[in-house]
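One structure is given here, and the rest of the page talks about it.
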Amino acid sequence: MASVQILGTGQLLQLSGRLRAAGGPRLRQNTSRRIRRAAEPLHRDLQRSIRTVQLAGTGRKKRGGPSPTQRPLRAGIAGAVRISVRSGASPGARIWLDGSRLPPGVTMGVPARINEGRLRHPVFGNRKRWSNQMARPTGWWDRPVRNGMPRMRAEVNRILGDVRRDLQ
C-alpha cells in the first residue's frame, strides 16, 4: 500500500517557477487550496471505505459477551488518512496514511493487511492464541484510489490550465 501522489510533472514544476517569478503568494495559496479541494473527494472516499469494511472473525466459541475493549480500529485508521499539498520545488498533492495518527498498538502493517483482506492478530495480546479476521470487501485503499485518480488528475490539469491562463 503506497501513498497517492500527483507531483513532479513538468507542468507543475514550470508552474511553480512561474508563480515564484510572478511573486504571487496569493496566487500560490489559491492554487494550493484548489489542488487540496481536488484531492478531498478521494480523501473522503478512502475514509468512508475503511469505515465500511466488515471484519468478520471466526467467532467466539462458548464464551460470549461484548468485547472488553472499545478501541475503534476502523475509525482510527480513517483518522490517519491525510492530505498534504506542496507548492515548492516538488509541487503536488499527496494522500497518505500517517502512522503517528494510528490508534495505539496499531502498526502500519494493519491497514495494509486489511487492504489485502486478511488480518491475523493475537487474541487480546496473547501471543499463544491467534485469530484470523477476513475483511470484506477487500481493497479498501486500492479500489478508491483506482477509481478516484483519473478524476483527480483531470481536476489538477484543469487547475493548472486556469493558472497558466492567469499568468499569461
Side-chain angles (χ1 to χ4, degrees), residues 1-9 11-12 29-60 64-88 90-127 129-162:
M1 191 167 68
S3 62
V4 180
Q5 300 182 47
I6 295 183
L7 52 89
T9 63
Q11 291 177 337
L12 286 171
Q29 288 173 349
N30 185 26
T31 303
S32 293
R33 186 178 70 247
R34 290 179 67 193
I35 290 174
R36 176 177 291 278
R37 282 188 186 153
E40 283 174 354
L42 179 56
H43 179 249
R44 281 192 304 270
D45 290 346
L46 285 166
Q47 288 180 324
R48 185 178 316 115
S49 179
I50 187 62
R51 283 187 177 114
T52 59
V53 167
Q54 297 298 314
L55 289 172
T58 55
R60 297 174 186 253
S67 170
T69 157
Q70 293 298 317
R71 296 187 319 201
L73 175 67
R74 292 172 296 172
I77 294 172
V81 178
R82 306 278 310 269
I83 298 177
S84 62
V85 176
R86 293 187 306 237
S87 61
S90 180
R94 179 178 175 214
I95 299 177
W96 54 291
L97 195 62
D98 185 358
S100 68
R101 298 187 98 193
L102 287 172
V106 176
T107 63
M108 288 293 287
V110 171
R113 296 296 88 71
I114 294 173
N115 187 52
E116 292 168 2
R118 179 174 175 240
L119 179 63
R120 180 174 159 80
H121 61 89
V123 177
F124 301 117
N126 180 358
R127 304 199 63 75
R129 185 167 175 174
W130 288 77
S131 174
N132 289 313
Q133 287 185 283
M134 305 309 286
R136 298 287 179 251
T138 60
W140 75 267
W141 181 272
D142 297 338
R143 214 172 345 96
V145 167
R146 198 172 35 248
N147 295 339
M149 284 301 290
R151 189 209 55 77
M152 189 171 156
R153 278 198 179 101
E155 182 68 19
V156 168
N157 285 332
R158 189 178 68 75
I159 292 166
L160 294 177
D162 292 349

Flag if over 12 foreign heavy atoms under 6.0 Å of CZ, Arg37: no

Criterion side-chain contact (heavy atoms from CB on, under 4.5 Å) on Leu119 and Asn132, from CA distance to verdict: CA-CA 6 Å; Leu119 179 63; Asn132 289 313; over 6 Å; no

Distance (rounded to the nearest 0.5 Å) between Asn115 CG and Trp140 CH2: 7.0 Å

Distance, nearest 0.5 Å, that separates CE of Met152 from CG of Asn147: 14.0 Å

Glu40 vs Ile83 side-chain heavy atoms within contact, under 4.5 Å: yes

Residue pair Glu116 / Thr138, side-chain heavy-atom distance below 4.5 Å: no

Heavy-atom check, side chain of Ile114 versus side chain of Ile77, under 4.5 Å: yes

Student check: side-chain heavy atoms of Leu73 and Leu55 closer than 4.5 Å: yes

Nearest atoms (heavy-atom pairs only) where Ile95 meets Ala39: CD1-O, 3.5 Å

Minimum heavy-atom distance Arg101-Gly79, with the two atoms named: NH1-O, 3.7 Å

SB check Arg34 Asp162 (cutoff 4.0 Å): yes

CZ/Arg120: more than 12 non-hydrogen atoms of other groups inside 6.0 Å: yes

Heavy-atom pair with the smallest gap, counting every atom of Gly117 and Arg136: O-NH1, 4.0 Å

Spacing of OG belonging to Ser49 relative to CZ belonging to Arg44, to within rounding of 0.5 Å: 14.5 Å

Ala78 backbone acceptor or donor facing Gln47 side chain under 3.5 Å: yes

From Ser131 atom OG to His121 atom NE2, the distance as rounded to the nearest 0.5 Å: 4.0 Å

Check: Arg118 and Arg113 side chains under 4.5 Å, non-hydrogen atoms: no

Minimum-distance pair of heavy atoms, taken over all atoms of Gly76 and Pro103: CA-CG, 3.7 Å

Any Val123 side-chain heavy atom under 4.5 Å of Trp130 side chain: no

Residue pair Ala38 / Glu155: nearest heavy atoms and the distance that separates them: CB-CG, 3.2 Å

Beyond-backbone contact of Arg33 with Asn30, side-chain heavy atoms, under 4.5 angstrom: yes

Contact check, side chains of Met108 and Leu97, non-hydrogen atoms, under 4.5 Å: yes

Which atom of Val53 lies closest to which atom of Pro137, heavy atoms considered: CG2-O, 4.2 Å

Value rounded to 0.5 Å, distance of CZ in Arg94 from CD1 in Ile35: 15.5 Å

Separation between OG1 of Thr52 and CZ of Arg74, rounded to the nearest 0.5 Å: 8.0 Å

